*Asks:* 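Before I ask anything, let me first share the structure, which is written out below as structure tokens.
As the structure is a prediction and not an experimental result, all values here were calculated from the model.
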Amino acid sequence: QVILVESGGGLVEAGASLRLSCTNSGRTFSNDAVGWFRRAPGKEPEFVSALRWPDGSTWYAESVKGRFTISRDSAKNTLYLQMNSLKPEDTAVYYCAARSGLVVPTTAPSYNYWGQGTQVTVSS
């Protein structure tokens with residue numbers, strides 16, 4: 001079983017940084033794809049970034065490329081999202097997601113497991 005718990009959201013000013021964490025308190029991540037999505041009010045979920053757990057390969061949305069970095073700590077069974085140079089348009093609830101298998105989709109319905117979300121608000 002995969003149980004995802006996010007943390008690290010908050011209210012920051014434009015240009016600031018935040019680091020989100022997603023800990024899996026269920027089974028150990030192994031042959032899994034894990035990722036971050038976000039949902040702004042009134043909008044559909046948006047892919048942010050993803051990572052293939054075994055080899056650490058990464059994918060990013062164009063809107064965050066160069067500003068956000070996804071990473072993992074296998075010993076802690078935890079996924080991270082380092083967000084730098086935050087913009088007001090990054091404001092959303094950020095969700096951690098996971099799926100079994102080595103394919104790394106960028107669409108939300110492809111993921112089976114979801115965290116509860118953490119709010120990120122960036123003021124201008």
*Asks:* Is there a side-chain contact between S100 and N31 (heavy atoms, below 4.5 Å)?
*Replies:*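 No; the side chains remain at least 4.5 Å from each other.
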*Asks:* Assess, by modelled atom type and distance only, whether the side chains of T78 and T23 contain a donor and an acceptor separated by less than 3.5 Å.
*Replies:* yes
*Asks:* On a heavy-atom basis, which atom in A92 and which in Q119 lie closest, and how many Å separate them?
*Replies:* O-NE2, 3.4 Å
*Asks:* Atom CG of L79 and atom OG of S21: how far apart are they, to the nearest 0.5 Å?
*Replies:*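 The distance works out to 8.5 Å.
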*Asks:* Identify whether NZ of Lys or CZ of Arg in R72 sits under 6.0 Å from the centre of the six-membered ring of Y80 and within 45° of that ring's axis.
*Replies:*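 Judged by the rule (NZ or CZ under 6.0 Å from the ring centre, within 45° of its axis), R72 is not positioned above Y80.
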*Asks:* Give the cluster check for W36 versus W114: same hydrophobic cluster or not, with ILVMFWY residues linked at side-chain heavy-atom distances below 4.5 Å.
*Replies:*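 No; W114 is not reachable from W36 via cluster members.
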*Asks:* Answer with yes or no whether the side chains of N77 and T28 bring together a donor and an acceptor at under 3.5 Å.
*Replies:*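 Note: T28 and N77 side chains miss the donor-acceptor criterion.
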*Asks:* Are L81 and V2 linked, directly or through intermediate hydrophobic residues, by side-chain heavy-atom contacts shorter than 4.5 Å (ILVMFWY only)?
*Replies:*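 As far as the 4.5 Å side-chain criterion goes, L81 and V2 are connected within one cluster.
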*Asks:* Distance from F29 atom CZ to D73 atom CG, nearest 0.5 Å?
*Replies:* 12.0 Å
*Asks:* Enter the distance from W59:CH2 to T106:OG1 here, rounded to the nearest 0.5 Å.
*Replies:* 10.5 Å
*Asks:* Flag the pair I3 / Q1 as yes when at least one side-chain heavy-atom distance between them is below 4.5 Å, and no otherwise.
*Replies:*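 A side-chain contact under 4.5 Å exists here.
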*Asks:* To the closest 0.5 Å, what do you measure between OG (S123) and CD (E13)?
*Replies:*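 So the gap between those two atoms works out to 5.0 Å.
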*Asks:* Do F37 and I70 land in one hydrophobic cluster if side-chain heavy atoms of ILVMFWY residues count as linked below 4.5 Å?
*Replies:*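 Not linked; separate clusters.
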*Asks:* Could you tell me which non-hydrogen atom of S17 sits nearest to which non-hydrogen atom of N84, and how far apart they are?
*Replies:* OG-OD1, 2.9 Å
*Asks:* Hydrophobic cluster membership, with links at side-chain heavy-atom distances under 4.5 Å among I/L/V/M/F/W/Y: are W53 and Y111 in one?
*Replies:*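 Looking at the clustering, Y111 is in a separate group from W53.
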*Asks:* Counting distance only, does the side-chain N/O of R52 pair as donor-acceptor with the main-chain N or O of L102 below 3.5 Å?
*Replies:*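 Present.
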*Asks:* For a quick test of reading the model, state the closest non-hydrogen atom pair linking A50 to V104 and the distance between them.
*Replies:*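 Where A50 meets V104 most closely, the heavy atoms are CB-CG1, 3.4 Å.
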*Asks:* Should V120 and V93 be counted in the same cluster of Ile, Leu, Val, Met, Phe, Trp and Tyr side chains packed under 4.5 Å apart?
*Replies:* no
*Asks:* Taking all non-hydrogen atoms of both residues, which atom of L18 and which atom of G9 are closest, and how far apart?
*Replies:* CD1-C, 4.4 Å
*Asks:* Measuring from Q82:CD to L20:CG, what's the distance to the nearest 0.5 Å?
*Replies:*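 Those atoms lie 9.0 Å apart.
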*Asks:* Taking D90 first and then K87, would you say they form a salt bridge - that is, a charged N and a carboxylate O separated by under 4.0 Å?
*Replies:* no
*Asks:* Taking CD in Q116 as the centre, count heavy atoms belonging to other residues, nucleotides or ligands within less than 6.0 Å. Is the count above 12?
*Replies:*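 Count over threshold, so yes.
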*Asks:* At what distance, to the nearest 0.5 angstrom, does OG of S25 lie from CG of L4?
*Replies:* 8.0 Å
*Asks:* Side-chain donor-acceptor pair under 3.5 Å between E89 and T91, yes or no?
*Replies:* no
*Asks:* Is the backbone N or O of S85 less than 3.5 Å from a side-chain atom of R67, with the two atoms forming a donor-acceptor pair by type?
*Replies:*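 The answer is yes, because a donor-acceptor pair under 3.5 Å joins these two groups.
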*Asks:* Where do G56 and T58 come nearest, in terms of heavy atoms and distance?
*Replies:* O-CG2, 3.3 Å
*Asks:* For the residue pair R27 and D32, establish whether any side-chain heavy-atom pair is separated by less than 4.5 Å.
*Replies:* yes
*Asks:* Please identify which of these residues, F47, Y94, Y95, meets the side chain to side chain contact (heavy atoms under 4.5 Å, CB included) condition with R38.
*Replies:*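 Result: among F47, Y94, Y95, Y94 is the only option passing the side chain to side chain contact (heavy atoms under 4.5 Å, CB included) with R38.
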*Asks:* Ignoring hydrogens, what is the shortest heavy-atom contact between R99 and N112? Give both atom names and the distance.
*Replies:*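 That would be CB-OD1, 3.3 Å.
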